[in-house]
Amino acid sequence: MKERIGYVAWVVGVAQFFVVHGIVESAWARPAYSWARNNISDLGNVHCGLRTWPESRYICSPDHGLMNGSFIALGVLLVVGFVLTGGTGGTGRIGGVDGFSGAGGPGGIGGGVPWLGGRVAALARMLLVSGGVGFVLIGLAPTDVHKGLHVVGAALIMGTGNAGLVLAGFGLADRVSRPLRRAAGLLGVVALLAFGLFLSGHYLGLGMGGMERVAAYPLLFWVAALGLWGVVLRAGRTRAAVAEVRAGGDPVGPGSAGG
């Protein structure tokens with residue numbers, strides 16, 4: 001059960017972030033918020049004014065408090081998800097169903113963890129958790145309030161968080177769908193390359209904000225996808241397994257007593 005709560009935490013965290021992002025950016029008036037021109041964290045800047053780092057732009061985010069709260073909520077829910085899904089479940093098929101080990105041990109039904117055992121999976125989770133901590137930091141320390149701490153948070157997200165995404169491709173159990181396992185490594189590499197381009201000021205026509213999103217969003221998209229997989233697909237497998245058990249004969253029920 002705790003693993004499913006972790007999957008839900010991921011889905012809710014990412015969903016609320018993009019919903020709040022849309023609400024907060026729509027409140028901008030002069031000039032309108034731009035995904036190409038503006039950084040993501042511009043939405044959380046407390047004061048209005050011209051900013052010259054890393055590119056010149058005017059920032060005025062009336063709902064900055066809402067955005068910073070969303071950053072913090074996202075980070076906390078990401079960390080909660082990695083903690084609750086942080087066990088190891090080995091590989092292979094369980095009880096004839098390609099799914100998870102349950103709370104009752106091998107062959108049990110429900111819950112389940114997506115990770116292999118070993119150092120690679122443990123390091124991947126640790127780095128991914130650091131990405132969640134990074135979102136908390138940027139929410140607590142907007143750029144125009146505590147630039148140094150904000151930069152540390154951004155580095156945790158786009159640096160160590162994406163490194164964890166690369167390692168996750170090697171640390172996920174075989175029961176996780178192959179596209180999700182392959183996507184982890186691929187998206188992590190793309191995001192790290194984008195982070196390097198962002199830092200060097202090479203935006204490849206995407207703009208400063210566009211390149212930053214290529215560096216930051218793959219982690220969120222992948223976590224949301226893994227969360228949906230854990231919630232929706234695993235719930236379907238559990239129902240199928242329960243139906244199979246019941247079809248095999250319930251030891252207690254009509255016809256089980258008496259001759």
A.B. asks: Flag yes if more than 12 heavy atoms outside Phe170 fall under 6.0 Å of its CZ atom; otherwise flag no.
C.D. replies: no
A.B. asks: Can Ser41 and His150 be counted as having a side-chain donor-acceptor contact under 3.5 angstrom?
C.D. replies: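 A donor-acceptor contact under 3.5 Å links the two side chains.
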A.B. asks: Quick one, Leu116 and Leu172 - any side-chain contact, counting heavy atoms below 4.5 Å?
C.D. replies: no
A.B. asks: Has Arg213 got a side-chain atom pairing as donor or acceptor with Gly209's backbone, closer than 3.5 angstrom?
C.D. replies: yes
A.B. asks: About how many Å separate CD of Glu25 and CG of Asn38, when rounded to the nearest 0.5 Å?
C.D. replies: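 The distance works out to 9.5 Å.
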A.B. asks: Looking at every heavy atom in both Pro62 and Ala27, which two are closest together, and how far apart are they?
C.D. replies: CG-O, 3.6 Å
A.B. asks: How far does CG of Leu197 sit from CG of Leu204, to the nearest 0.5 angstrom?
C.D. replies: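 If I round to the nearest 0.5 Å, the distance is 5.0 Å.
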A.B. asks: Leu192 and Leu128: same hydrophobic cluster, using ILVMFWY side-chain contacts below 4.5 Å?
C.D. replies: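 No, because Leu192 and Leu128 fall into different hydrophobic clusters, even though each may have its own neighbours under 4.5 Å.
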A.B. asks: So Arg125 and Val83, do their side chains get closer than 4.5 Å, heavy atoms only?
C.D. replies: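 A side-chain contact is absent here, since even the closest heavy-atom pair is not under 4.5 Å.
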A.B. asks: Quick one: closest heavy-atom pair of Val133 and Val79, and the distance?
C.D. replies: N-CG2, 4.0 Å
A.B. asks: Could you give the distance from CG (Leu156) to CG (Asn162), rounded to the nearest 0.5 Å?
C.D. replies: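 Rounded to the nearest 0.5 Å, the CG-CG separation comes out at 11.5 Å.
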A.B. asks: Just so I know, are the side chains of Leu43 and Asn68 near enough to count as touching, which here means a heavy-atom distance under 4.5 Å?
C.D. replies: no
A.B. asks: Closer than 3.5 angstrom, by distance alone: can the side chain of Trp10 be matched with the main-chain N or O of Gly227 as a donor-acceptor pair?
C.D. replies: no
A.B. asks: Can you see which heavy atom on Arg181 is nearest to which on Asp174, and at what distance?
C.D. replies: NH2-O, 3.6 Å
A.B. asks: Does this structure show an ion pair linking Arg37 with Asp42, if we count only N-O contacts that are shorter than 4.0 Å?
C.D. replies: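 No, Arg37 and Asp42 are not salt-bridged.
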A.B. asks: Applying side chain to side chain contact (heavy atoms under 4.5 Å, CB included), run through Leu74 and Gln16 and close with a yes or a no.
C.D. replies: CA-CA 8 Å; Leu74 172 60; Gln16 67 81 29; 3.6 Å; yes
A.B. asks: Considering non-hydrogen atoms only, spot the tightest contact between Trp115 and Ala121 and give its length.
C.D. replies: CE3-CB, 4.3 Å
A.B. asks: Assess whether side chain to side chain donor-acceptor pair (under 3.5 Å) is satisfied between Asn39 and Arg57, documenting all intermediate values.
C.D. replies: CA-CA 10 Å; Asn39 288 134; Arg57 70 235 184 256; 3.0 Å; yes
A.B. asks: Roughly how far, to the nearest 0.5 Å, is the OG1 atom of Thr143 from the CG atom of Leu149?
C.D. replies: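 Rounded to the nearest 0.5 Å, the CG-OG1 separation comes to 10.5 Å.
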A.B. asks: Does the side chain of Leu180 reach to within under 4.5 Å of the side chain of Trp222, using non-hydrogen atoms?
C.D. replies: yes
A.B. asks: Distance check, rounded to the nearest 0.5 Å: Met67 atom CE versus Ile72 atom CD1?
C.D. replies: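 One gets 10.5 Å once the value is rounded to the nearest 0.5 Å.
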A.B. asks: Describe, in one word, how the ring planes of Trp28 and Tyr33 are oriented to each other, choosing from parallel (under 30°), tilted (30 to 60°) and perpendicular (over 60°).
C.D. replies: perpendicular
A.B. asks: Describe, in one word, how the ring planes of Phe135 and Phe71 are oriented to each other, choosing from parallel (under 30°), tilted (30 to 60°) and perpendicular (over 60°).
C.D. replies: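 Phe135 and Phe71: parallel rings.
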A.B. asks: Look at the side chain of Arg51 and the backbone N and O of Ile59, then say whether any donor-acceptor pair between them is shorter than 3.5 Å.
C.D. replies: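 Pair absent, no side-chain N/O of Arg51 close to backbone of Ile59.
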A.B. asks: Applying a strict under-4.5 Å side-chain criterion to I, L, V, M, F, W and Y, I'd like to know whether Tyr217 and Leu193 cluster together.
C.D. replies: no
A.B. asks: Set out, in order, the CA-CA distance, both residues' side-chain angles and the distance that settles side chain to side chain contact (heavy atoms under 4.5 Å, CB included) for Lys147 and Trp53, then state yes or no.
C.D. replies: CA-CA 11 Å; Lys147 180 179 176 181; Trp53 180 86; 3.7 Å; yes
A.B. asks: Just wondering, do Val223 and Leu165 contact through their side chains at under 4.5 Å, heavy atoms?
C.D. replies: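 A side-chain contact under 4.5 Å is absent here.
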A.B. asks: Go through His47 and Asp144 one step at a time and tell me if the side chain to side chain contact (heavy atoms under 4.5 Å, CB included) criterion holds.
C.D. replies: CA-CA 7 Å; His47 307 101; Asp144 59 339; 3.1 Å; yes
A.B. asks: Taking Leu66's backbone N and O only, do any of them form a donor-acceptor pair with Ser70's side chain (distance below 3.5 Å, no angle check)?
C.D. replies: no
A.B. asks: Of all heavy-atom pairs between Gly44 and Pro142, which one has the smallest distance, and what is that distance?
C.D. replies: O-CB, 3.5 Å
A.B. asks: Specify the closest pair of heavy atoms between Val120 and Leu167, including all atoms of both residues, with the distance to one decimal.
C.D. replies: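 That closest heavy-atom pairing would be CG1-O, 3.9 Å.
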A.B. asks: If we only count heavy atoms from C-beta on, is the Tyr7 to Leu228 side-chain gap below 4.5 Å?
C.D. replies: no
A.B. asks: State, yes or no, whether a side-chain contact exists between Met158 and Glu212 at a heavy-atom distance under 4.5 Å.
C.D. replies: yes
A.B. asks: To the nearest 0.5 Å, what is the distance between SG on Cys60 and CG on Leu50?
C.D. replies: 12.5 Å
A.B. asks: Assigning hydrophobic clusters by single linkage (Ile, Leu, Val, Met, Phe, Trp, Tyr; side-chain heavy-atom cutoff under 4.5 Å), is Val152 placed with Val129?
C.D. replies: yes
A.B. asks: Compute whether any side-chain donor of one residue and acceptor of the other, for His64 and Asn45, lie under 3.5 angstrom apart.
C.D. replies: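 On atom types as modelled, these side chains do not qualify, holding no pair under 3.5 Å.
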A.B. asks: Taking the six-membered ring for Trp, are Phe195 and Phe198 parallel (under 30°), tilted (30 to 60°) or perpendicular (over 60°)?
C.D. replies: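 Parallel: the ring planes of Phe195 and Phe198 meet at under 30°.
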A.B. asks: Applying a strict under-4.5 Å side-chain criterion to I, L, V, M, F, W and Y, I'd like to know whether Val176 and Leu219 cluster together.
C.D. replies: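 In one cluster: yes.
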A.B. asks: Taking the side chain as every heavy atom from C-beta outward, state whether Ile138 and Ile157 have any atom pair closer than 4.5 Å.
C.D. replies: yes
A.B. asks: Is Val46 reachable from Leu140 through a run of hydrophobic residues whose side-chain heavy atoms are each under 4.5 Å from the next?
C.D. replies: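 Each belongs to a different hydrophobic cluster.
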